[in-house]
Peer 1: 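Sharing a structure here in structure tokens format.
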Amino acid sequence: MIDIKYLREKPEEVKAKIKKREMDLDSVVDEILTVDAQKREQMGKVEAMKAEQNSASKQIPQIKKSGGDASEIMARMKELVALIKEGDAKIAELDEKQTTLLLSLPNLPDDDVVAGGKEQNQEVRLFGTKPEFAFPIKNHVELCENLGMIDYQRGAKLAGAGSWLYRGWGARMEWALLNFFIDEHIKDGFEFILPPHMLGYQCGYVAGQFPKFTDEVYRIENPTGNDMRFMLPTAETALVNIHRDEIIPIEELPKKYIAYTPCYRREAGSYRSEERGMIRGHQFNKVEMVQYTEDDKSDIAFEELVGKAERLVQELGLHYRLSKLAAGDCSFSMARTYDIEVWIPSMEIYKEVSSASNARSYQARRGNVRYRGEDKKMHFAHTLNASGLATSRVIPAIVEQYQNEDGSVTVPEVLRPYMGIDVIKPE
RNA sequence: GGAAGCGUAUCGAAGUGGUCAUAACGGGCCUGACUCGAAAUCAGGUAGCCCGCAAGGGCUCGUGGGUUCGAAUCCCACCGCUUCCGCCA
């Protein structure tokens, strides 16, 4: 949620920033301003009546105590009650309208984020080089099936298209990656969290998934109640809600969390056919990092998160590209996003394994996460998140980049202590 | 799943229909005094949000409704927590 005060003061700036995302929401901004003015006018009227009501209500017991007749003032009170009720209803209606409109606005991109869509993304740096192979390469689906690492057929049997089974060395590698990531993060002083996977509506609201992107998550309906839960699409949704409605003591900032969870996504309408194997599925494992920071220190945290995610990919020895996303390609809730994209040889394409973003105060406003600053005033915290990392994209990259002519896959050095083997060979 | 109880500031807790909700009382924390310093003691201070240029005003006793001129207080629903019983990884 963007700051209504900022929108009120600089509506043209808000409009221009949203345009960088290739969205034209001028009419929404204008409507917010209209509703805002109406609401404030109405509030002025109603609050004056409430003031009268309050003072009258104090007079009644005094009059009664001194034996006087309070019937006249009580009649006026009755009148006021009706008027106030009516006025309050109007305010509530305007407020709801305004909130709905405000929620439909995306976060404003940072000034240095370029305008435009995906095609305007900028490469920040490359790590390593594209591996060269002196033999015809296999894609990760073929490699994983041959090595008995992934069972796509039975995954689909169990849960439909977009689901797979890790087995044998596949399961071992998956587990090794997760442990490797978690160990690295713990070394860096992040607190390890295992959150619930079924979350309440409010979590999705704060993270920015709801009300706009309700279709992208799996909802859980309780047959005997009307409470809605949903399967988290990323651990960020949980982590960003830990301090909802809290005032975090400033000395505890920055808060650094990591969580491991599977991520559950409907991927409705995705072009699955182009993305074979485990590139896009309904469930994938990810270790997620989240930081809460003071509002003038989130840039430092952002650099830290990007650096950490990069380091993991580097330690795995994978060729990747770091991209700074253009405004239109940043997530709805984010002011800036950098993607780490790993090279998938068979697709000849870089695929995202980590996305690091700074939401600034956008999520904290929705979740009312604050701290008292050095200036003794209340500030909204900043929230940032980065994957560290998503394994379902890492395994294809590993097996493809580390494949050998005989169909075996060399295990990246950092994973060997976790797996206890150097090369995964066909049976 | 059954039964009972509870939800008031930073914490504990009083208030059970009005005229002490910034809110009794106690603890914590901050400032000052005393002290070489500390402890103890004493004095003072310790919400957030919204409207308004300001003066000032409004809102918040878990949440939402209702009764009433007036609700922390009475009624209803919901949410959360605790305890006991049952079931259980």
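Chain A is the first sequence line, chain B the second, and so forth, proteins listed ahead of strands; every chain is numbered from 1. These figures come from a predicted structure and were not determined experimentally.
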Peer 1: Check the distance between A9(B)'s P and Asp245(A)'s CG and give it to me in whole angstrom.
Peer 2: 14 Å

Peer 1: Want to settle it: does Met378(A) or Ala75(A) sit nearer the 5' end of RNA chain B, counting the closest nucleotide to each?
Peer 2: Met378(A)

Peer 1: Roughly how many Å apart are U10(B) and G65(B), using the C1' atom of each and rounding to a whole number?
Peer 2: 31 Å

Peer 1: Taking any heavy-atom pair under 4.0 Å as a contact, classify Arg365(A): base, sugar-phosphate, or nothing.
Peer 2: nothing

Peer 1: Which of parallel (below 30°), tilted (30 to 60°) and perpendicular (above 60°) describes Trp175(A) and Tyr260(A)?
Peer 2: perpendicular

Peer 1: Could you tell me how far U73(B) sits from G7(B) if I compare only their C1' atoms? Round to whole Å.
Peer 2: 15 Å

Peer 1: Suppose we define a pair by two distances each less than 3.5 Å, Watson-Crick or G-U wobble; what does G44(B) pair with here?
Peer 2: C30(B)

Peer 1: Using a cut-off of strictly less than 4.0 Å, decide whether Arg372(A) has a side-chain nitrogen or oxygen near OP1 or OP2 of U46(B).
Peer 2: no

Peer 1: Check the phosphate of G48(B) against Lys377(A), side-chain N and O only, distance under 4.0 Å to OP1 or OP2. Yes or no?
Peer 2: no

Peer 1: Summarise how protein sits on nucleotides 55-63 of chain B as a single string, 5' to 3': B when a protein heavy atom is under 4.0 Å from the base, S for sugar-phosphate-only contact, - for no contact.
Peer 2: --BSS----

Peer 1: Both Arg40(A) and Arg370(A) contact RNA chain B. Which one's nearest nucleotide lies toward the 5' end?
Peer 2: Arg370(A)

Peer 1: Quick one: Tyr201(A) OH to C79(B) P, roughly how many Å, whole number?
Peer 2: 18 Å

Peer 1: Could you tell me how far A77(B) sits from A13(B) if I compare only their C1' atoms? Round to whole Å.
Peer 2: 28 Å

Peer 1: Under a 3.5 Å cut-off for both distances, is C6(B) Watson-Crick or wobble paired, and to whom?
Peer 2: G80(B)

Peer 1: What's the gap between G64(B) and C11(B) when it is taken at their C1' atoms, as a whole Å value?
Peer 2: 28 Å

Peer 1: Between C53(B) and C61(B), how far apart are the two C1' atoms, rounded to whole Å?
Peer 2: 34 Å

Peer 1: Ile84(A) CD1 to U68(B) P: how many Å, rounded?
Peer 2: 16 Å

Peer 1: Work out how far the C1' atom of G5(B) is from that of U60(B), and round it to whole angstrom.
Peer 2: 26 Å

Peer 1: Classify the side-chain pair Asn285(A)/Tyr166(A) by whether it contains a donor and acceptor separated by less than 3.5 Å.
Peer 2: no

Peer 1: When you compare C42(B) with G26(B), how far apart are their P atoms, in angstrom units rounded to a whole number?
Peer 2: 11 Å

Peer 1: Mind checking the P distance from C69(B) to G27(B)? Whole angstroms is fine.
Peer 2: 44 Å

Peer 1: Between Arg360(A) and Asp3(A), does any NZ, NE, NH1 or NH2 come within less than 4.0 Å of an OD or OE carboxylate oxygen?
Peer 2: no

Peer 1: Please name the pair of heavy atoms, one in Ala359(A) and one in Asn107(A), separated by the smallest distance, quoted to 0.1 Å.
Peer 2: O-ND2, 2.9 Å

Peer 1: Can we say Lys256(A) and Asp188(A) salt-bridge, meaning some charged N sits less than 4.0 Å from an Asp/Glu carboxylate O?
Peer 2: no

Peer 1: Does the side chain of Lys85(A) get closer than 4.0 angstrom to OP1 or OP2 of G66(B) through an N or O atom?
Peer 2: yes

Peer 1: Looking at every strand, decide which applies to Lys5(A) at a 4.0 Å heavy-atom threshold: base, sugar-phosphate, or nothing.
Peer 2: sugar-phosphate

Peer 1: Using side-chain hydrogen bond (donor to acceptor under 3.5 Å, both in side chains) as the criterion, point out the one residue from Arg244(A), Glu236(A), His382(A) that pairs with Gln363(A).
Peer 2: Glu236(A)

Peer 1: As a quick check of understanding, evaluate side-chain hydrogen bond (donor to acceptor under 3.5 Å, both in side chains) for Gln403(A) and Lys138(A), giving each step before the final call.
Peer 2: CA-CA 8 Å; Gln403(A) 64 179 300; Lys138(A) 298 185 175 69; 5.6 Å; no

